[in-house]
Amino acid sequence: MSPRQLTFHIFRYDPDRPEVKPHTQTFKIEEEMGMTLFVALNKIRDEIDPTLKFDFVCRASICGSCGMLINGKASLACKTLTKTLPSDITLFPLPAFKLLGDLSVDTGTWFRDMSMRTESWIHTDVEFDETAQEEKMDDDLALEIYEAERCIECGCCVGVCVTANIRQNFIGATGINRVSRFMLDPRDKRDEQEYFEVVGNDDGIFGCVGLMACEDTCPVGVPLRGQLAYVRRKMTVAGWHRK
Amino acid sequence: MYQSFSSDVLVVGAGLAGERAAVSAAQAGQNVIILSLIPPRRSHSSAAQGGMQASLGNSAMGKGDSPDVHMYDTVKGSDWGCEQDVARMFVNTAPIAVREMSAWGVPWSRVRNEKRMYEGTEIVEDPEKVGLITARNFGGTAKWRTCYTSDGAGHTLLYAMDSVVIKLGITVHDRMEAIELIHDGTRCYGVVARSLRDGSIYVYTAKTTVIATGGFGRLYAASTNAVINDGAGIAMAFNSGVVPLGNMEAIQFHPTGMVPSWILITEGARGEGGHLLDKDGYRFMPDYEPKYMELASRDVVSRRIMQHIRAGHGVDSPYGPHVWLDIRHLGEHRINTYLREISTIARTFAGIDPVKEPIPVRPTQHYTMGGIRTNKDGKVYGLDNLFALGEAACWDLHGFNRLGGNSLAETVVAGRIVGEKIAEFTKHATLEVNSALIEEHVRNVEGRIDQIRSRGKNGENWVEIRKEMQMTLELNVGIFRTAEHLQEAVDKLGNLYERSLNVGLMGDGGQGADPELVNALRLPGMVRMAITIAKGALERKESRGSHFREDYPQRDDQNWLKRTLAYWPEGAKEPDLKYEPVTITEIPPGDRGYGESNVKK
């Protein structure tokens, strides 16, 4: 069987050249065995148009660089095999993030801001003692924290989130999952009222309208539905406790 | 026109090593700026899977472990090529570093209160140790010493480290590429950088500059490395003409790169009890390495696999022959809990469920032991006020073969040790920089960019040159090396280097953040490093660790117990090779106890 001809329709726009209006450009390449969008996009750039902008780092679905809309669905380009797609493939940048050019968006700035606003670090008064043994933790709890920690900050859940697309400061499912990760962690000493200050508002858990596109989208399978429910329950209780 | 920033400490590279050093300086009250090609959490540190070595000795199979045992394993693993004073500091600090990362939030996997079967033996944990940080088996280690978080150790370490960077409010400029060191031949004052957002030029001056830009695996055609690991930061130091690179010929090939995407399958898969099988389903490693089997050092296992494939036992595929990595007998629960990331990778990229089928693997370029040569404090040879650490540096903890689990450990341990040295040094340092010197380096960078732009389509094509360079190293400077192939590589790469100096642009002129210009600009530095690898390998007429010469199959301590130092003088066409002795403080050269027992008497 002869290989398929793939036709890519790729969004092009350079914010530094506003005179060239946003448009889609068409590229045709031959499909190869086991081809991923990482391979395909690099082939297009190496052989057809060296100016095409996109982001890849690990190409192994670990680093979260390459989230984009693939035939309208948000996912990681590196892990998407072309054989799972029709021969016409449309690629758009992730919405909700600042566009840097073509398929490249500025997720880094967004995520650092989210980490600052959710204060995503261990809050404790305990000084690290070089000579002391580590605090014990049950392995099942460690695995539970890891489950939430597995988020790779690709931004796919943000790109597909209705709230995130209309409320610039909404922290998204990724941000709420991040908060749940610290709530689970006994090393973090914040109490529920402190968390309520961080996430008990409409930029946090109460901004979520429950459409669950995030849960359907997460390319690494973080159980976002459960994490959203967990944080909402904790924050609802915290709300009752407020004076 | 350029924007400029000044700080006490400038760190180039936001992986684990760079961030840990930045944290030390910031904790000392110093003003720190980190530059990174990408958002820090996307750094290649995040891709480390299996774990980091530290002799906590909490797990039953790690009982009796100590820094001394870790030291012996590391030195033996390096084939006596490492700096033993560095290795000693490292093994002593690793347990502290692993606990510090725990305090900062890493959800390390813990000792469980349950029995487990491993290779036919029942493991019973000490009830007192339940809940402490556990460890798994890795290659070339006498004890189970590799601490892990499932098989996402690098990811959890990097996220915890970056959380501290954010907490301390350390400035990070991402999508910023350091292009040239600002120096006067004796001292470094910072870097000229270029924004990958819009192509504009930036000047960063600092009392102390630190390079932590990772390794250069992408000089090879097939590498487990992220696409950013092209050694640009190392090339920047090399291009100064006065900074030497150490042991560039010491290239690690990981036994289990997955065919054909060359994505890493962690050593943890064999550590957990996985086997290597040939085309007949036969477990061949015990025949070659009766004692360590699949868990000899990486250089040895990679050679044994290729030896077995050469003998006709490989599985044929359109991507060349390979062997199988079989973890099915570990059971679904263990695989999906502690090897879940590589299982997902196998399912996604190879369409293989490792619970039911073996994974196709072949030795693949993975790590670079060489890099910017520093002393034991991380201070770079040849330029003052410049430090380097992590995979970018040749500190030299790994000699000619790094043990699995020792690179992730190096990032945070060197980050601590060198980070403190940086903070101490910076406390007493001043910054007075001549503006003419800055202008000169800015003009250099602008000149290089203008030349590439003006050549345009009349220049050489960077894609072609890069591909030829990668294939030349792949085919001629791989696991088995001979004078004939190495000479061929040196000649070919020399020719490619000439061409790289005339690189142009095939696209529309390299305006703004044009990705083609980024690659074209990096190209000559990459080819210089490639020549240096080949030339160092050609000159080293012995076999040591990962450097295996078929025409000199023995380790020759009499003539080659020394480190290669490569310089690239301005205008040179190939590197100038010098050598320095290896520091041996505790363990005299001996037999490794695995591998070909090839010590020349």
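By convention in this document, chain letters (A, B, ...) are assigned in the order of the sequence lines, proteins followed by strands, and residues within each chain are numbered from 1. Computed from a predicted model, the values in this text were never measured in an experiment.
The local environment of CZ in A/R225 is sparse, with at most 12 non-hydrogen atoms from other residues, nucleotides or ligands closer than 6.0 Å.
B/H155 places a side-chain N or O within 3.5 Å of a backbone atom of A/E149 that can act as its donor or acceptor partner. Side-chain N or O atoms of A/R187 include one that pairs as donor or acceptor with a backbone N or O of B/S102 at under 3.5 Å. Judged by distance alone, with hydrogens and angles left aside, the side-chain atoms of B/R110 form no donor-acceptor pair with the main-chain N or O of A/K136 at under 3.5 Å.
B/D198 touches chain A through backbone and side chain together, each having a heavy atom under 4.5 Å away. The parts of A/R150 that come within reach of chain B are both its backbone and its side chain, each placing non-hydrogen atoms under 4.5 angstrom from that chain. Neither the backbone nor the side chain of A/C66 comes within less than 4.5 Å of any heavy atom in chain B. In this structure, the portions of B/A513 lying under 4.5 Å from any heavy atom of chain A include both its backbone and its side chain.
The greatest number of non-hydrogen atom pairs below 4.5 Å with chain B, out of A/A132, A/S65, A/S115, A/G34, is found for A/S65. Between chain A and the options B/I263, B/V172, B/V111, the largest number of non-hydrogen pairs under 4.5 Å is found for B/I263. Between chain A and the residues B/N461, B/V463, B/L517, the largest count of heavy-atom pairs under 4.5 Å involves B/V463. Between chain B and the residues A/C154, A/G101, A/C78, the most heavy-atom pairs under 4.5 angstrom are made by A/C78.
Each ring pair (Phe, Tyr, Trp, His ring centres under 6.0 Å) pair with one or both residues in residues 15-38 of chain A, not counting sequence neighbours, appears once here: A/F38-A/F56.
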Kindly determine whether A/F128 and B/I96 satisfy side chain to side chain contact (heavy atoms under 4.5 Å, CB included), including the steps that lead there.
-> CA-CA 10 Å; A/F128 174 64; B/I96 299 169; 4.0 Å; yes

Full working for side chain to side chain contact (heavy atoms under 4.5 Å, CB included) between A/C63 and B/S46 | CA-CA 6 Å; A/C63 77; B/S46 72; 4.2 Å; yes

Audit row: A/E147, B/R340, side chain to side chain contact (heavy atoms under 4.5 Å, CB included) steps and yes/no | CA-CA 11 Å; A/E147 190 72 46; B/R340 66 184 290 183; 3.0 Å; yes

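A donor and an acceptor atom, one from each side chain of B/N58 and A/E134, are located under 3.5 Å apart.
A salt bridge links B/R197 with A/D106: at least one charged nitrogen is closer than 4.0 Å to a carboxylate oxygen. Salt bridge status for A/E135 with B/R99: absent, with no side-chain N to carboxylate O gap under 4.0 Å. By the 4.0 Å N-to-carboxylate-O rule, A/R112 lies too far from B/D162 to be salt-bridged with it. A salt bridge does not link B/R42 with A/E153: none of the charged nitrogens is closer than 4.0 Å to a carboxylate oxygen.
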